[in-house]
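Report on one structure; see the data block that follows.
So that the names make sense, note that chain A is the first sequence line, chain B the second, and so on, each numbered from 1.
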Number of protein chains: 2
Amino acid sequence: MPKQTFLNLPETKRKAFLDAAIEEFAGRDYASASISHIVAQLGIAKGSVYQYFEDKRDLYLYLIDLASRERIMFVQSAGPPDSQKGFFIYTQWLLEMGARFGFEHPRLNQIIYRAMFGDAPFRDDMLRQMKESSLGLIRQIIMQGIAAGEINPDLDLDMTAYLLNLITNEFGNYLVSKLAIDPQRLIEGDYAQLDIEATRGIFTKAAEFMWHGLAKRSSSIVETPSSVRN
Amino acid sequence: MPKQTFLNLPETKRKAFLDAAIEEFAGRDYASASISHIVAQLGIAKGSVYQYFEDKRDLYLYLIDLASRERIMFVQSAGPPDSQKGFFIYTQWLLEMGARFGFEHPRLNQIIYRAMFGDAPFRDDMLRQMKESSLGLIRQIIMQGIAAGEINPDLDLDMTAYLLNLITNEFGNYLVSKLAIDPQRLIEGDYAQLDIEATRGIFTKAAEFMWHGLAKRSSSIVETPSSVRN
DNA sequence: CAGTCACATGACTGACCAGTCACATTGTAT
DNA sequence: ATACAATGTGACTGGTCAGTCATGTGACTG
């Protein structure tokens, strides 16, 4: 969707442009995000943007695409845990990866979040498609879990997938508020403040909730380990 | 927050104004919602709006307040189930009320949703306060549940409250997509299409998930009834 | 050096917006 | 009927925006 001109651009220029654009679209919803801001920030002419992209929408969709690909790469590059360990561990890992991506790429994460739950005027385009693909993946995982006899087969598949998707997408936000993390410092790459190890307990608790729900369990019956570390 | 002038207005006029304003702010995010649209819709002068409210922001905050109060009234007017029935039933009821409010007052619901998860430029004003109050209520319910010995005391209170709040707020959206409900027709009050009785099964499933999570339960141990019907 | 191509520029257009204000209209009390 | 207050009005101001386009620049080519 970017024009050839954009792809021909020297790397530094292209990076700088993307950086500013990501910053803008992460920080404001589609209606408020402004091409004028971006060019002012970069000190380039407005016309340049229209040499690179068809229009605002085109740029936006490209950023969504980029962020999604980045996220998929991020998750895939950190290999999933051994499937032998069961789906509890897998759930925990999924949560952790979601949150970790949010910490390491807060702006990309924000763009994805806005695309999923905000309202750009393109709900029907590739947006729903993205949502669907994300849901599809989770649905698949749940089905495997059911097949493996670990997941309650009485659960409504669609609903459960929806709720899991919701939780994995929102969980980072909870962490940010819980740990009193300054989002601005996160965005500036200053996440030295974050100790992933120290927060692992929270992932375990979240996975625990997703896995066993609210109900008090009689202590003797534990089907899935909740005291696992890594 | 409305000026006296607005409160003096004849009922029909006031209602008509609110109706148009709600329509506008439900349908577009804060930045895109337009006073000009509202007055055009109503056929009144723009100046009038500024006789009624300080500014756009003032109007918006009033609508949020109104919607919140309406929602609280809605939920309270349908009395909660007998606390004897336990927290599983209570959870189910909470979900159902949330969804039902969404169906019967889709526009107000949308305004609340936008206030909670969208980004108006007032996150720090009464917005967070609203979020906090909602979270506070849920936290209280969870604590009661723990005290009553029904809820797993190992769960992180804050986190669980956050997730429950998230789910109860988002669940209506899931129903809308799941049941292929046309949001436009909902807004137009045409919710004859909706059969609350028929959807009750979905609430039960959702409560089931919240209550027992993903894990398959060995069939013999059931601490909380999952086959309850009202 | 002339010609061509890729890219950059920024003033400009038409549109939309929130908010204002001098003036007009309506209602009410005397 | 008169006076006064309350309410309504809409053209106008200053601002922002997306997108355009005629012009400029620099690099490479033959």
Item checked: Residue that, paired with Arg107(B), satisfies side chain to side chain contact (heavy atoms under 4.5 Å, CB included) out of Leu63(B), Ile112(B), Ile22(B) -> Ile22(B)
Checklist line | For Phe6(A), all residues meeting ring pair (Phe, Tyr, Trp, His ring centres under 6.0 Å), sequence neighbours excluded | finding: Phe17(A), Tyr52(A), Phe53(A)
Note to self: Once ring pair (Phe, Tyr, Trp, His ring centres under 6.0 Å) is applied, do any residues pair with Tyr113(A), and if so which ones, sequence neighbours excluded?
What the structure shows: Phe117(A)
Item checked: salt bridge (Lys or Arg N to Asp or Glu O under 4.0 Å) contacts touching residues 6-15 of chain B (sequence neighbours left out) -> Glu11(B)-Arg14(B), Glu11(B)-Lys15(B)
Check: Does Asn8(A) place a side-chain N or O at less than 4.0 Å from the phosphate oxygens OP1/OP2 of dC7(C)?
Finding: yes
Note to self: Would you say Thr5(B) places a side-chain N or O within less than 4.0 Å of OP1 or OP2 belonging to dA6(D)?
What the structure shows: no
For [X], which residues count as a salt bridge (charged side-chain N to carboxylate O under 4.0 Å, His left out) partner, sequence neighbours excluded?
{"X": "Glu170(A)", "answer": "none"}
{"X": "Arg139(B)", "answer": "Asp158(B)"}
{"X": "Lys3(B)", "answer": "none"}

Check: Got a sec, which residues hit side chain to side chain contact (heavy atoms under 4.5 Å, CB included) with Arg28(B), two or more places apart in sequence or on another chain?
Finding: Glu24(B), Ser32(B), Ala33(B), His37(B)
Next item on the list: Could you summarise the pairing of DNA chain D as dot-bracket text, marking Watson-Crick and G-U pairs under 3.5 Å with ( ) or [ ] inside the strand and | across strands?
Entry: ||||||||||||||||||||||||||||||
Next item on the list: Can you check each nucleotide of nucleotides 13-30 of chain C against protein heavy atoms at under 4.0 Å and return B for base, S for sugar-phosphate only, - for none, in 5' to 3' order?
Entry: ----SBBBB---------
Margin query: Within the 4.0 Å heavy-atom criterion, would you say Lys3(B) contacts the bases, only the backbone, or no part of the nucleic acid?
Written below: nothing
